[in-house]
Amino acid sequence: MLSRLRLHLTYANVVATLALLFAVSTGGAYAASKIRGKDIARNTITSANVKNGTLARSDFKRGVLPTGG
């Protein structure tokens with residue numbers, strides 16, 4: 001298996017993989033840098049800015065979420 005991997009391990013593949021990893025890892029940092037504390041303080045962050053499934057119960061104050069029933 002290692003010999004098969006070495007056949008496909010070319011300079012172009014290595015550089016392409018590193019470029020992909022760099023692009024993916026910096027995308028989140030770029031997005032996070034666009035949201036500032038002032039934006040949050042002014043309540044300009046809306047539900048359209050939050051991706052579904054990313055908030056947990058611990059992200060809310062006690063009593064804010066209704067209990068299930």
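Computed from heavy atoms alone, side chains included, the values below leave out hydrogens, waters and symmetry copies. Source: prediction; values computed, not measured.
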Open item on the list: Check this for me: Y11, atom OH, are more than 12 non-hydrogen atoms of other residues, nucleotides or ligands nearer than 6.0 Å?
Closed with: no
- [ ] Output the rest of the hydrophobic cluster of V14: all Ile, Leu, Val, Met, Phe, Trp and Tyr residues reachable through side-chain heavy-atom contacts under 4.5 Å, sorted by chain and number.
- [x]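 Via sub-4.5 Å side-chain contacts, V14 links to L9, L18.
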Open item on the list: My understanding is that a hydrophobic cluster links ILVMFWY residues whose side chain heavy atoms are under 4.5 Å apart, including indirect links. Using that, what else belongs to the cluster containing F22?
Closed with: none
Task: For D59, all residues meeting side-chain contact (heavy atoms from CB on, under 4.5 Å), sequence neighbours excluded - done: L55, A56
- [ ] Applying side chain to side chain donor-acceptor pair (under 3.5 Å), name anything that partners N13, two or more places apart in sequence or on another chain.
- [x]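 N13: side chain to side chain donor-acceptor pair (under 3.5 Å) contacts with T10.
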